[in-house]
Amino acid sequence: MDDDKLLAILESSQEGEERGLGPEERDPAETLGRLSDDALIEYMTNLSQGARKDFTREEYFRDKEIKQRERDEATRAGLGRANAPIFAGCTIYINGYTKPGRLQLHEMIVSYGGKFQHYLLAKKKVTHIVATNLPLKKRLEFRNYRVVRPEWITESIEQQKLLPWQDYALSWDQEQRSLQLKVASAPVSSAVDCKDPNFLKTFFENSRLHHLSNWKADLRSRFLSEGFNKPSPGDALSIFHIDFDCFFATVAALGCESCDINRDPIVVCHGSKSSDIASCNYVARKYGIRNGMWVSRAKSLLPPGVELVSLPYNFKEIEEKSKIFYTVLKEYKIKFDLILPISIDEAVCVVIDHHTPHPIDRDEICRELRSEIWKRTGGCTVSIGCSNTLVLARLNLKIAKPNGYHILTQQQLVENEADWHSYLGKFQIDDLPGIGYSIVSKLRSLRQHLNNLLQLKQYFHNSLPLLQKCVGKKTGSKILMYLHGKDDEESSRMIFEPESFFARKSLSIEINWGIRFDTVQEIDNFIDTCADYLVQKLQEMNKRTSQITLKVLRRCADAPIEPPKYLGCGECDALSHNCRLGIPTSELGVIATELKSTFRLLGCPPKDLRGVSIQFNKLIEVSYDQNENQQRLKLPFQKTLNFDVFDNLPSDVKNDFSKELKRRNIVLTSSPRPKTSYAATYEEKFMEELPTQIRNEVKNDLRINRKITRTKLSELREQNRKKKESIRNVRAHLLGHESLFEPIKFQKESRFKDICRIVMEWFDATLIEGPHEKDLLLFENYLDKLSDSNRVPLILRFSKLISVRLNLKSNQYGQEAGFQEWEQFLLKNVIPKLNKNKHTFQTVRKLDIDFDI
DNA sequence: ATCTCATGTTAG
DNA sequence: GCGGCCTAACATGAGAT
Ligand SMILES: Nc1ccn([C@H]2C[C@H](O)[C@@H](COP(=O)(O)OP(=O)(O)OP(=O)(O)O)O2)c(=O)n1
């Protein structure tokens, strides 16, 4: 018992060990910090009972290991005859509580020739995991393992042979079942199967755009953590926009002996047909090949006899070159006031001109930077556009490319109108930053032949309203600013408010390639994996989210099942839905559930799903204060620990524990433990009354209530007022005061549970003849009231009740008129109400409704 | 008037 | 039978408050 529990507790603090540190090597305080309150208390209790007072923690663990081995030996030796080595070659780990318990299982495994693993440290060594039930996080973690029920052990022993583990697999879903098949038969897993648990990993490893986004996020956060000088509006600035020439292509070509970047048309891509070209060199561009084009298209652009050179990605090397690039910028003799990261291969450097006697030599800066980067990167060229506004620096960069630099200020350019016009004549409209295909076609819808910036300027000749009507308010004024060589307010933020400009405002994941599912369960799994990925990031940056959205791509009704692009998404409708969380969270369980239910709301047939994206729209910093709050709020009632337990702890660890207890606000009590307070009992009782679905919501509300009494934020107070009202409504509803169920109060009952019972009895009694029309109206009336008052979860409960009931009775009554009437009622009158109100009383929490019935 | 949501757009 | 791999931020316009 003692061992069982302690080991279970240790598991929950295992994360540190998986990073390669044994329990002894870690900072004890840190380990303790990881444990939940309950685990900490149990841990202390066990330590207190099991330890002699002069034991240190390290000795305690070592002692445990030794004793363990001794015991294993003894177990084996103690058996008069040797048992059959049933589990020879198996290394088994036991997760969580099992029946029979860990100790017994351990003994069985060892005495029948198996090895027992305490920790999942050496994950590779473990051949089987025994468990009866796994939380989401563990399921994701263990999904490449053979996870079995304890019966595999006991029954193997009974039958005196190793039974096939597949028959005892703890299969929680389709995915796990397919894994069983795979492990059992050929272990070849195709990397492009989105049902494969490793899909996401390989997908990301190969996705250039994923790398690009990640690099950018890293650069931004690094920028914020380093120092910079913020210019003030009105300062004279020198802005250098620096960008590698065809970056990926250059890096790839440098690593290719037989390639000549100045003669061969080179592209970087994965495949040979419908693969995107990440980057192409300037030889390829001469033939009209562009970044983002498909390889097949590029090939068709080449004249006969010219061969396209396709090179693979080398992300590692790309990172290295970029690191050198940024180092050169940082170490340059003239210290830049700002080095703004645009992307892995592109930066905007700013010098504030202080009217010193020695004005900076922009020409020299460009030349020196270019040659220094060329040298240090072993042959990568960068181009530089320099001016005193961001747009002009960018346009100058365009002129400078490839392998050059261009310097012109706004004053120089605009001074002479003819010069300015000839400058504008050199650019296409989508050369302007933030102006792309869509806006250009809007402009062209007004006047077809707008080919360069000069024509654009002349057509609109300063008519702001017309422009704004065409492309929108902000875009219109932005374009007009640009046509005078000036930056608009939004892009200026990059220079004048870099802190807010570069701060992360959202976090998201998006997979629009390789998505081919058959069932909702598979999609649920995939959503779990994605949510896990995001939550991990969220926790790493010590944030929570209060709003999440799910976006899916659904194959257009008339689009072919398989699009031209291999495993691409093809022509799709984008559907998205967002939901707000009562309180900000970073818990995988809450978030994954929310998302899975949102997927159902979007109503996309599983087979038509072509893309998935999850966004955390609002990120909230976890302040130390909030951290404490959540710790406490998670546990509505004060945690206590018996003082004797504390007193019996090994003396040298007492201090650690004491600090930890204080931090968590766990109090020591002299025995006996006090019972819960009256208020707690009252709340608990109220909770008991609630359907489980909304119980959590109300718990959240109560948390908010309590938080409110401490924080004075008016915004929260307003939220609280609304919440309170909801609670009051729910309570009134559940307890029968002002019950919304009046229309059928002839039934006398008004509590939700009882209403459910009545509905079920009514259902059962009318399966053959069908329900009375008036009764149905009454019931629907009630559902409408629920819907109007934003209590969709309750309607969901009813739908579920009825749907489960229908399934149950379908064999026996499927042909009866009553059965079919109920089925119609559910489909036509109940389920549609679920989507009626977008603002549900929190979010719909039910996942297992089969909308297709 | 100001907010929220779903949807679009852009860049690398 | 080979093919092939995003994500953050802002803008817009409709509808709610
Ligand atoms: N559609 C795109 C655009 C860019 N990239 C990658 C490859 C590029 O090498 C890198 C930098 O993008 P740039 O827009 O700077 O393009 P290049 O550096 O390739 O060419 P250049 O800047 O000379 O026009 O980002 C990509 O994968 N897919």
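Just so you know, these numbers come straight off a predicted model, no measurement behind them. Just so it is clear: chains get the letters A, B, ... in the order the sequence lines come, proteins before strands, and each one is counted from 1.
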Checklist outcome for this item: So the side chain to side chain donor-acceptor pair (under 3.5 Å) pairs with at least one residue in residues 471-481 of chain A (sequence neighbours excluded) are none
Next on the checklist: For a quick test of reading the model: is some side-chain N or O of His211(A) closer than 4.0 Å to OP1 or OP2 of dC6(C)?
Outcome noted: no
Checklist entry - Counting only side-chain N and O atoms of Ser207(A), is one of them less than 4.0 Å from OP1 or OP2 of dC6(C)? => result yes
Next on the checklist: I need the NZ-C1' distance between Lys398(A) and dA11(B), as an integer number of Å.
Outcome noted: 14 Å
Item to check | Between P of dT9(B) and CD of Glu490(A), the distance in whole Å | outcome: 18 Å
Item to check | Residue whose nearest DNA chain C nucleotide is more 5′ - Asn214(A) or Arg493(A) | outcome: Asn214(A)
Checklist entry - Mind checking what makes side-chain contact (heavy atoms from CB on, under 4.5 Å) contact with Glu510(A), not counting sequence neighbours? => result Asn512(A), Lys551(A), Ser613(A)
Item to check | Between dA8(C) (C1') and Ile614(A) (CD1): distance, integer Å | outcome: 16 Å
Next on the checklist: Let's see if you get this right: which residues in residues 554-571 of chain A place a heavy atom under 4.0 Å from DNA chain C?
Outcome noted: Lys565(A), Tyr566(A)
Checklist entry - What is the ring orientation for His210(A) with Tyr533(A), classed by angle as parallel under 30°, tilted 30 to 60°, or perpendicular over 60°? => result tilted
Next on the checklist: I need the CG-P distance between Leu575(A) and dT7(B), as an integer number of Å.
Outcome noted: 6 Å
Checklist entry - Whole Å only: how far is the NZ atom of Lys478(A) from the C1' atom of dA11(C)? => result 9 Å
Checklist entry - Would you say Arg208(A) reaches dT7(C)'s phosphate, i.e. side-chain N/O to OP1/OP2 under 4.0 Å? => result no
Checklist entry - Could a donor-acceptor pair under 3.5 angstrom be found where the side chain of Ser213(A) meets the base of dC6(C)? => result yes
Item to check | Axis bend over the full length of the helix from dA1(B)-dT17(C) to dG12(B)-dC6(C), computed from five pairs that close each end, to 10 degrees | outcome: 10°
Next on the checklist: Please classify the nucleic acid contact of His270(A) as base, sugar-phosphate, or nothing, using heavy-atom distances under 4.0 Å.
Outcome noted: base
Distance-only check: which donor-acceptor pairs under 3.5 Å involve side-chain atoms of residues 565-572 of chain A, not counting sequence neighbours?
{"from": "Lys565(A)", "atom 1": "NZ", "to": "Ser274(A)", "atom 2": "O", "distance (Å)": "2.7"}

Next on the checklist: Quick check on contacts: within residues 467-477 of chain A, what sits under 4.0 Å from DNA chain C by heavy-atom distance?
Outcome noted: Val471(A), Gly472(A), Lys473(A), Lys474(A), Thr475(A)
Item to check | Within residues 497-518 of chain A, residues whose heavy atoms come under 4.0 Å of DNA chain C | outcome: Ala503(A), Arg504(A), Lys505(A), Ser506(A), Leu507(A), Ser508(A), Ile509(A), Glu510(A), Trp513(A)
Next on the checklist: List the residues meeting side-chain contact (heavy atoms from CB on, under 4.5 Å) with Gln547(A), not counting sequence neighbours, and say none if there are none.
Outcome noted: Asn578(A), Arg580(A), Asn617(A), Lys618(A)
Checklist entry - Given atom CD1 of Ile479(A) and atom P of dT9(B), what is their separation to the nearest angstrom? => result 14 Å
Could you list the donor-acceptor pairs under 3.5 angstrom formed by side chains in residues 428-439 of chain A, with sequence neighbours left out?
{"from": "Asp431(A)", "atom 1": "OD2", "to": "Gln428(A)", "atom 2": "N", "distance (Å)": "2.9"}

Checklist entry - Do Lys401(A) and Asp243(A) touch side chain to side chain, with heavy atoms closer than 4.5 Å? => result yes
Item to check | Rounded distance (Å) that lies between atom P of dT7(B) and atom CD of Gln615(A) | outcome: 12 Å
Checklist entry - Parallel, tilted or perpendicular for Phe248(A) and Phe315(A), by the 30°/60° rule? => result perpendicular
Checklist entry - If you look at every heavy atom in Phe228(A) and Leu338(A), which pair is closest and at what distance? => result CB-CD2, 3.7 Å
Checklist entry - Which residues satisfy the salt bridge (Lys or Arg N to Asp or Glu O under 4.0 Å) test with Asp345(A), sequence neighbours excluded? => result none
Checklist entry - Who passes disulfide (SG to SG under 2.5 Å) against Cys256(A), sequence neighbours left out? => result Cys259(A)
Next on the checklist: Applying ring-ring contact (aromatic ring centres under 6.0 Å, His included) to His270(A) and Tyr313(A), what does each step give before you reach the verdict?
Outcome noted: CA-CA 8 Å; His270(A) 283 299; Tyr313(A) 294 87; 4.6 Å; yes
Checklist entry - Which is true for Ile344(A) with a 4.0 Å heavy-atom rule: it touches a base, it touches only sugar-phosphate, or it touches nothing? => result nothing
Next on the checklist: Just to verify, what does Pro402(A) make a side-chain contact (heavy atoms from CB on, under 4.5 Å) with, not counting sequence neighbours?
Outcome noted: Asp245(A), Tyr282(A)
Checklist entry - Which atom pair, heavy atoms only, marks the closest approach of Phe517(A) to Glu522(A)? => result CD2-CB, 3.5 Å
Next on the checklist: Can you measure Phe616(A) atom CZ to dA9(C) atom P for me and round it to whole angstrom units?
Outcome noted: 14 Å
Checklist outcome for this item: Heavy atoms of Ala278(A) and Arg208(A) approach each other most closely as CB-CD, 3.2 Å
